[in-house]
S.K.: 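Structure incoming, see below.
These figures come from a predicted structure and were not determined experimentally.
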Amino acid sequence: MASNNKILEEVSGWLRVYHDNSVDRSWTGPPEVEFLMKPVPSHEDFKDGVATRDVLIDPNTGLSVRIYIPASENGFHVQDKMPLILHFHGGGFCISQADWYMYYHFYAWLVRSVRAVCVSVYLRLAPEHRLPAACDDAYAAFLWLRDVARGEMSESVFVGDSTGGNIVHDLAARVSGLESEPVRLAGGVAIHPGFLRAEPSKSFLELAESPLLTRDMVNKFMGLALPIGSSKDHPITCPMGAEAPPLAGLKLPPMLVVVAEKDLLRDTELEYCEAMKEAGKEVEVMMNPGMGHSFYFNKLAIEADPETKAQAELLIERIKSFITRQRDIEGLSD
């Protein structure tokens, strides 16, 4: 007998939403890249210079974080004056988990390079939890850090990939008037942020799609994630638009925005950067020439293509340099 639980919405390879509102996120794309979406168990023993721990920070909501710590003589222990990265994964607000291999591979690399603690948030996903749920999780994680942080971790940098970059902006604006000691926000890093407009940009319409971003993915994920009745001009997806609070009135930290030359979202990312500059905000732009959206997560491409590897290494170094400079400005470096 045929099932009546029909698929209402499907994002090829990534997600299927059924008539009974259940969601299947099992990977159905090319099997050779499935390992990127596989969870990596936490390990408090150091592997390749990094240890990880999963921590439940709110038993009422189930909100958890994954903590990365670089190797030290004291085991799973935070060293003095170590910078703190609060990380938000991407996935169009609909897919991804903080423990996926793609994030583990890159953020273990970043933690080793920067010598920083990284706290990556397991964000709630749409359509079960539409926006602003993921932004609320980020805010709750920041408040938790503020409550548990030790003095030697007093400066923080928000880092987000793809739609996690949207959360970087949203949270930075949200905590600007908050008493946050001992966690001072020193800067934000938005890597290929998911900034959009209801009116598609030239790059969105004309550039070639990539394995990690297609027009169908963007349109369907936003339809599932945005509040019902909202368009891509919503403040979370278009913080430089008319529906968002004016950028000039926001107290924002210095920002590093990373843009890939062949990213469908390139034009709206650059529009955000120009709007920030016009509003008098401090923003740096790093361009990844010849690269597509979230290229640095594609371990197969990094291993096979010298230019992709070189661009991923440059990205790590630029983030490291940005964090170091913000710490120097704050007078917090060793």
S.K.: In the structure I gave you, are the side-chain heavy atoms of Thr52 and Ile67 within less than 4.5 Å of one another anywhere?
M.R.: no

S.K.: Decide side chain to side chain donor-acceptor pair (under 3.5 Å) for Asp137 and His129; before the verdict, give the C-alpha distance in whole Å, the side-chain angles of both, and the deciding distance to 0.1 Å.
M.R.: CA-CA 11 Å; Asp137 289 344; His129 305 282; over 6 Å; no

S.K.: Does a side-chain heavy-atom distance below 4.5 Å link Leu264 with His293?
M.R.: no

S.K.: Which heavy atom in Val11 sits nearest to a heavy atom in Asp216, and how many Å separate them?
M.R.: CA-OD2, 4.4 Å

S.K.: Any side-chain donor paired with an acceptor under 3.5 Å for Tyr296 and Thr308?
M.R.: no

S.K.: Give, for atom CG of Asn5 and atom CG of Leu8, the distance between the pair rounded to the nearest 0.5 Å.
M.R.: 8.0 Å

S.K.: If you compare all heavy atoms of Ala279 against all heavy atoms of Leu247, which two are closest, and at what distance to 0.1 Å?
M.R.: CB-CB, 3.7 Å

S.K.: Return the orientation label for the Tyr103 and Phe297 ring planes: parallel under 30°, perpendicular over 60°, tilted otherwise.
M.R.: perpendicular

S.K.: Between the side chains of Asn288 and Lys262, is a donor N or O closer than 3.5 angstrom to an acceptor N or O?
M.R.: no

S.K.: Are Leu84 and Leu145 close enough that some pair of their side-chain heavy atoms sits under 4.5 Å apart?
M.R.: yes

S.K.: Is the distance between the ring centroids of His43 and Tyr104 under 6.0 Å?
M.R.: yes

S.K.: Hey, are Asp20 and Ser22 close enough side-chain-wise for a donor-acceptor pair under 3.5 Å?
M.R.: yes

S.K.: Considering non-hydrogen atoms only, spot the tightest contact between Gly187 and Pro253 and give its length.
M.R.: CA-CB, 3.8 Å

S.K.: Please assess Glu34 against Lys38 for the test salt bridge (charged side-chain N to carboxylate O under 4.0 Å, His left out), listing each intermediate value before the final yes or no.
M.R.: CA-CA 7 Å; Glu34 185 177 11; Lys38 291 288 189 182; 3.6 Å; yes

S.K.: Consider only side-chain N and O atoms of Arg197 and Thr237, and report whether a donor and an acceptor are under 3.5 Å apart.
M.R.: no

S.K.: Looking at Glu284 and Arg318, does any basic side-chain N land under 4.0 Å from a carboxylate oxygen?
M.R.: yes

S.K.: If the threshold is 4.0 Å, N to carboxylate O, is there a salt bridge linking Lys320 and Glu313?
M.R.: no

S.K.: Can you find a heavy atom in the side chain of Val33 that is under 4.5 Å from one in the side chain of Pro211?
M.R.: no

S.K.: What I'd like to find out is whether the side chain of Lys232 reaches to under 4.5 Å of the side chain of Cys238, using heavy atoms alone.
M.R.: no

S.K.: Could you see if Phe142 belongs to whatever hydrophobic cluster contains Val55? Use Ile, Leu, Val, Met, Phe, Trp, Tyr and a side-chain cutoff under 4.5 Å.
M.R.: yes

S.K.: Hey, is the main chain of Arg16 close enough, under 3.5 Å, to the side chain of Arg25 for a donor-acceptor pair?
M.R.: no

S.K.: Using the six-membered ring wherever Trp is involved, compare the ring planes of Phe158 and Phe88 and label them parallel, tilted or perpendicular (cut-offs 30° and 60°).
M.R.: perpendicular

S.K.: Return the minimal non-hydrogen interatomic distance between Cys135 and Ile167, and the atom names on each side.
M.R.: SG-CG1, 4.2 Å

S.K.: If the plane angle is over 60° it's perpendicular, under 30° parallel, otherwise tilted; pick one for Phe106 and Trp109.
M.R.: perpendicular

S.K.: Keeping to residues at least two apart or across chains, list the ring-ring contact (aromatic ring centres under 6.0 Å, His included) pairs with something in residues 217-256.
M.R.: none

S.K.: Would the distance check show the side chain of Thr214 and the main-chain N or O of Met217 forming a donor-acceptor pair, the cut-off being under 3.5 Å?
M.R.: yes

S.K.: Under 3.5 Å, is there a donor-acceptor pair between the His89 and Ser120 side chains?
M.R.: no

S.K.: Is any side-chain N of the basic residue among Glu209 and Arg215 closer than 4.0 Å to the acidic one's carboxylate O?
M.R.: yes

S.K.: The test is side-chain contact (heavy atoms from CB on, under 4.5 Å); show your working for Val258 and Leu256 and say whether it passes.
M.R.: CA-CA 6 Å; Val258 184; Leu256 169 62; 4.2 Å; yes

S.K.: So, does His192 use its side chain to make a donor-acceptor pair with the main chain of Ser294 at under 3.5 Å?
M.R.: yes

S.K.: Quick one: name the residues clustered hydrophobically with Ile7, using the 4.5 Å side-chain heavy-atom rule over I, L, V, M, F, W, Y, and just say none if it's on its own.
M.R.: Tyr18

S.K.: Leu185 and Val157: which non-hydrogen atoms are nearest, and at how many Å?
M.R.: CD1-CA, 4.5 Å

S.K.: Is any side-chain heavy atom of Val159 closer than 4.5 Å to a side-chain heavy atom of Leu86?
M.R.: no

S.K.: Is there a side-chain contact (heavy atoms from CB on, under 4.5 Å) between Arg53 and Arg66 once you walk through the steps?
M.R.: CA-CA 6 Å; Arg53 175 186 292 172; Arg66 167 155 291 193; over 6 Å; no

S.K.: Could you check if a side-chain atom of Met102 sits within less than 4.5 angstrom of a side-chain atom of Met37, using non-hydrogen atoms only?
M.R.: yes

S.K.: Can you check whether Pro70 reaches Val111 side chain to side chain, under 4.5 Å on heavy atoms?
M.R.: yes

S.K.: Would you call the rings of Tyr272 and His169 parallel, tilted or perpendicular, taking 30° and 60° as the class edges?
M.R.: perpendicular

S.K.: Can you see which heavy atom on Leu63 is nearest to which on Ala141, and at what distance?
M.R.: CD2-N, 4.2 Å

S.K.: Answer yes if Tyr107 and Ile302 sit in the same cluster of Ile, Leu, Val, Met, Phe, Trp and Tyr residues linked by side chain heavy atoms under 4.5 Å apart, and no otherwise.
M.R.: no

S.K.: Let me see the working for Glu10 and Lys220 under salt bridge (charged side-chain N to carboxylate O under 4.0 Å, His left out), right down to the final yes or no.
M.R.: CA-CA 8 Å; Glu10 181 171 14; Lys220 287 183 176 177; over 6 Å; no

S.K.: Evaluate side-chain contact (heavy atoms from CB on, under 4.5 Å) for Met276 paired with Met255, printing each intermediate quantity in order.
M.R.: CA-CA 9 Å; Met276 287 279 283; Met255 300 283 285; 3.8 Å; yes

S.K.: How many angstroms lie between atom OG1 of Thr268 and atom CG of Asp263, to the nearest 0.5 angstrom?
M.R.: 8.0 Å

